[in-house]
Amino acid sequence: DALANIESTKTIRVAVPQDFPPFGSVGSDMKPVGYDVDMANLIGEKLGVKVELVPVTSANRIPYLQTNKVDLVISSLGKNPDREKVIDFTDAYAPFFNGVFGPDDVTAAKAEDLAGKSVGVTRGAVEDLELTKIAPATTDIKRYEDNNGTISAFLSGQVDLVATGNVVAAAILARNPPKKPEIKFLIKNSPCSIGLNKNEPALLEKVNTIIADARKSGELNAIAQKWLGADLPAEF
Amino acid sequence: MMMEFTTWDILRNLLLAARWTVLLSLVSFVGGSLVGLAILFMRIGKNVWLKRFAQGYIELFQGTPLLMQLFLAFFGLGLVGVDVPAWLAAALALTLWTAAFLAEIWRGCVEAIVRGQWEASSSLAMGYVQQMRYVILPQALKIAVPPTVGFSVQVVKGTALTSIIGFVELSKAGTMVTNATFQPFIVYGFVALIYFALCWPLSKSSQILERKLNVAHRNH
Amino acid sequence: MTYSFDFSWIGEYLPVLLKGVGITVELILVGAFFGVALGTLCAWIRALGPLWLRPVVGAYVEMIRNTPFLIQLFFIFFGLPSLGFRMSELQAANLAMIVNLGAYSCEIIRAGIQATPRGQFEAGASLAMSPIQTFWHVVLIPSLQRIWPALSSQIVIVMLGSAAVSQIAAEDLTFAANFIQSRNFRAFEAYLVSTVIYLFLAIVLRQLLRGAGALLFAKRRAAQ
Amino acid sequence: MSLIEITEVRKSFGTNEVLKGINIDVDPGEVIAIIGKSGSGKSTLLRCINGLETIDSGSIAVAGAQLLPDELHLRALRLKIGMIFQSFNLFPHLTAGKNVMLSQMVVKKVPTADAEATARKMLDRVGLAHKFDAYPEELSGGQQQRVAIARALAMQPMALLCDEITSALDPELVNEVLAVVKELAAEGMTLLMVTHEMRFARDVCTRVVFMHQGRVHEIGAPQDVFGDPKTPELKQFLGLQAA
Amino acid sequence: MSLIEITEVRKSFGTNEVLKGINIDVDPGEVIAIIGKSGSGKSTLLRCINGLETIDSGSIAVAGAQLLPDELHLRALRLKIGMIFQSFNLFPHLTAGKNVMLSQMVVKKVPTADAEATARKMLDRVGLAHKFDAYPEELSGGQQQRVAIARALAMQPMALLCDEITSALDPELVNEVLAVVKELAAEGMTLLMVTHEMRFARDVCTRVVFMHQGRVHEIGAPQDVFGDPKTPELKQFLGLQAA
Ligand SMILES: Nc1ncnc2c1ncn2[C@@H]1O[C@H](COP(=O)(O)OP(=O)(O)OP(=O)(O)O)[C@@H](O)[C@H]1O
Ligand SMILES: Nc1ncnc2c1ncn2[C@@H]1O[C@H](COP(=O)(O)OP(=O)(O)OP(=O)(O)O)[C@@H](O)[C@H]1O
Ligand SMILES: [Mg+2]
Ligand SMILES: [Mg+2]
């Protein structure tokens, strides 16, 4: 039982991203920072245990969980039925404000307009799952390893458009690049969940309670404000 | 919310991470040499089963991506309940991988020793182990130095793949910093430079050793 | 802990896997052919070519051999467009592999050329062949024959290294594995399957290269 | 007019002056043997004539044309003069036939069919018509050397330079190569050969050049050189040879 | 009693039968020259005696003990019989002295000091005491071959097999090696040597074996074999050699 284990060792091990700002990246001291990191700390605090952050990539985050090297994966995971067969998901802990961005001269007001265009996206991220569902068949979705690949592909003109978080796009815009990622349309807001191993009802229940409490108390909203620059949406 | 990194921050973090690159390289090279020697003996020995094993081993480790080997060493072992720490898994996988290549390189060197040396030592009543120990290996090791040093460059670059099991070595640090700064050219430029600074001396010394050896040979 | 392996997804993702295998195979075939061609050209320059070009090629070889493939790939895919050379991820992957193998095979082939007995060059010259004709008709084939095993190994190494191209969204075998596990979180199964396929490809490639060598150098023995 | 005019040729390797002013004129159809001790500069002289070494001073002219050290002139020269080496230097990856065809096709752009016809003729001339498809490693040393001769002849040179072409052969095989050379001489080919086969030099050659320490020490008809050596060096050299 | 008894020995490489039933008995102190054309099986015979090749049928006995192809018997045999090769096969990474010391120390477990003393004695015997610390590449071919002899002698063998030990040497160096062998013969060492030095065979050997196509074609005292060859093959062989 993972929860008992956490309580007895007084530590919770959490997988967090370090290549996916604003959810997880590193500070100039190479320590992880971001929405997911704050979330992990919040959970640790509520559980009254020490938090051990394990930086992961999209390729190894689930194996970390499955081999019991971490207790939770807080890595802006989106749910889908296949994934739910392998791990359990908590309630949503973060909204995902993401959209399709592109330069001025490309018009794309809705998903159908992506037909025949190339769109860069980070492989396995929520926007990848969503975009794959809604984009027309002729859309050329290019899936890069991490956020940087996606952004670089856009900036170097390898793709017409990118699908990414709006904070990321804003940060890029702030640098005033030759190619400006301006919002075209928002992808359906698909919230992120925390992942944990199957058959851990106690832990699942506990984390869900913490999330619900944090929503009510406004702590979650504070994190959203800090990292996403916006309040949690109403349905949260 | 983007982190502010100065150029110095970037370089400093990369150099700090490069320590792991160096350490992992050293570990895998030393470990790989020892295991490689063992594989070499099986490969050139007389026992058919050991020979097959060594062949299969070499085929397996030279025929699959190092990335997958690392993945399976770390998570695969975890899956069967052996909880190895990341450094051990990295050292293990890199060692086994290095060993496969070194064993092959060295086999070539042993086979380069002319048959006359085997025959002369046979006719002096030496046994197989004695021939190896006193006649063949001393000569083979000498010609093995340049290609071995040359291969160490591959080991240094191979350590980059340990990021799959959570190592923040030079390449991984580069990706992490890039994802925080979105300045791929500066970051990867530095990464390339640091790799070059690590590898080039090795390549160069391998070339120089090779040249020396050839000269020595020609003087015969 | 008990983990139950589940390969039932293979049917659903078979097209992705097959496409991945196809692209990996295409990458290695194109990469090997043009890479060895580039390597041959560079080897000629370094061993026999114009003096002023030799350091240029030398710098290229040292640069490539002493930096990771992934970084080379990034510079080609993300960097070259800023100089006006835009290419698709597949073209970039191909180019990166050619450039990479070109540098390695240059050094290997050069060793083969330098092991050519001087008499072969002199025989060519005394038959009024130009140095280039002598190189092409007389020196090259036996040189390749001398270093064929080393070259074959390097080609297999480059094939396995091609996994990195998945990072620039080229949909090779590793991309397929990553894509699959990103959808269904079956990372072990996906990586296992791709590892086995890589092993299979490596074995087949080695055999093919051996066969090509036997065909190319049939009944002919390199001098020395 | 002389076919090959060698005038005051000098050649040094570093500080080692190997040719110290060589003068020889070779008329068309002459068969000249060059003899001398090891290191006396025989090979170097032949290699200079064929442009494999550049000379330091003096001049070499073939059929009236000066030997100049640029690529174009060299190739023109080598079309006129063939060379055969002690170590055969056949191309190991080509059959005997292809060895003979290659330079015709590559240098003279002769069509394949014609090159093949010539190759068959030349191989026939050296008694190896049946070895057209054999690879060098399948041939004995004597056969390989005869292929090398056929290969040089296929370029229809005005003269042939032969550098100890039988030295690498087992005694039984020497004669088959010398027989071919003898026939060439009889047909009027101009030949300049470094050789240790004194009997052959005496029987076949029109003139013999004795080189000593980078100089032409004696030169003359075989009967004079062998029968009445003037200098003590030649006497000693011939004495050594007889031993 | 014979020291080496070779009885009906046969050996094939694939389908090529190289030894077709060889019978030779060698008495202690005999010096036997094996002569014959290239490919007649001389080297193969020596290599079989020393166990470097396994025989297909027949038997070889040394000092009464059968040669059996297992590691233990082979090593025991090789303690009794030394072998010297055409290509010297010195260990290039060891000095002359260490070359001679190595097998004593490794095989016979002789202490270093004793091995060194023996090595010095043996090198002295072949006239190379002063080259104890020289590496093979610093020695001339003749000197290398003499070190090889010293190395074999240091194992105190009952007999020595020599396979064309002077063929790789320049003519001037042949004599210094043959002088050593002659001395060994005079001291009573049993010697089996493949050689092309007919004069040496005639002067030094007790018996001469002429091999032809895998058989002992003639065998006898040197004066008989050389002075009165019985078979046309031997006559031809000797005739060729004289040419
Ligand atoms: N490429 C070279 N570089 C330096 N010295 C050379 C070179 N080629 C020849 N020599 C020197 O020139 C001298 C003459 O050499 P050459 O080969 O012409 O002699 P040779 O008369 O042909 O002797 P041999 O009968 O042994 O073939 C020798 O002292 C040799 O060492
Ligand atoms: N390892 C081998 N494998 C196959 N054939 C061999 C081998 N060694 C020798 N032979 C063949 O055996 C025959 C006899 O060879 P061997 O070396 O005994 O002759 P030899 O009398 O010593 O000749 P030489 O005077 O040239 O040394 C030759 O036809 C040779 O090709
Ligand atoms: Mg010469
Ligand atoms: Mg022999």
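Residue numbers start from 1 in every chain, and the chains themselves are labelled A, B, ... in the order their sequence lines are given, proteins ahead of strands.
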List the atom pairs, with distances to 0.1 Å, where a side-chain N or O of residues 33-42 of chain C and a protein N or O form a donor-acceptor pair under 3.5 Å, not counting sequence neighbours.
residue : atom : partner : partner atom : Å
C:T40   : OG1  : C:V36   : O            : 2.6

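Between the side chain of A:N80 and the main chain of C:N184, no donor-acceptor pair closer than 3.5 Å is present. C:R86 places a side-chain N or O within 3.5 Å of a backbone atom of A:S156 that can act as its donor or acceptor partner. In this structure, A:Q158 contributes its side chain and C:S88 its backbone to no donor-acceptor pair below 3.5 Å. A donor-acceptor contact shorter than 3.5 Å is absent between the side chain of A:R143 and the backbone of C:E171.
Between the OH atom in A:Y144 and the CZ atom in C:F77 there is a gap of 4.0 Å [rounded to 0.5 Å]. Distance check, rounded to the nearest 0.5 Å: CZ of C:R183 to CG of A:D128 gives 3.5 Å.
For A:K206, the NZ atom is loosely surrounded, since the number of other residues' heavy atoms within 6.0 Å does not exceed 12. C:F200 CZ: 12 or fewer foreign heavy atoms inside a 6.0 Å radius. Heavy atoms of other residues, nucleotides or ligands lying less than 6.0 angstrom from CH2 of C:W136 number 12 at most. Surrounding CD of A:E205 are at most 12 heavy atoms belonging to other residues, nucleotides or ligands under 6.0 Å away. Counting heavy atoms of neighbouring residues, nucleotides and ligands inside a 6.0 Å radius, atom CZ of A:F185 exceeds 12 of them. A 6.0 Å sphere centred on NZ of A:K79 holds more than 12 heavy atoms belonging to other residues, nucleotides or ligands.
Evaluation of the salt bridge (charged side-chain N to carboxylate O under 4.0 Å, His left out) test over residues 33-47 of chain C, restricted to residues two or more places apart or in two chains, returns C:R46-C:E107.
For chain C, no part of A:I151 is nearby; none of its heavy atoms comes within less than 4.5 Å. Neither the backbone nor the side chain of C:F74 comes within less than 4.5 Å of any heavy atom in chain A. For A:T132, the part sitting under 4.5 Å from any heavy atom of chain C is the side chain, from C-beta outward, and nothing else. Residue contact with chain C, scored on non-hydrogen atoms closer than 4.5 Å, involves the side chain of A:I87 exclusively. In this structure, chain A has a heavy atom under 4.5 Å from the side chain of C:Q181, while its backbone stays farther away. C:S82 does not touch chain A: none of its heavy atoms, backbone or side chain, sits under 4.5 Å away.
Across every non-hydrogen atom of A:Q66 and C:F185, the tightest pair is NE2-O, 3.8 Å. The two residues C:S182 and A:G124 come nearest to each other via the heavy atoms CB-CA, 3.5 Å. Taking all atoms of both residues into account, the shortest heavy-atom contact from A:R123 to C:F179 is CD-N, 3.9 Å.
Two residues are said to be in side-chain contact when any heavy atoms from C-beta on lie closer than 4.5 Å; C:F188 and A:I62 fail this criterion.
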May I have the step-by-step check of side-chain contact (heavy atoms from CB on, under 4.5 Å) for A:D82 and C:R186, ending in yes or no? CA-CA 9 Å; A:D82 274 349; C:R186 295 266 168 211; over 6 Å; no

Would you sort out whether A:E145 and C:N178 count as a side-chain contact (heavy atoms from CB on, under 4.5 Å), showing the intermediate values? CA-CA 9 Å; A:E145 182 83 2; C:N178 279 329; 4.2 Å; yes

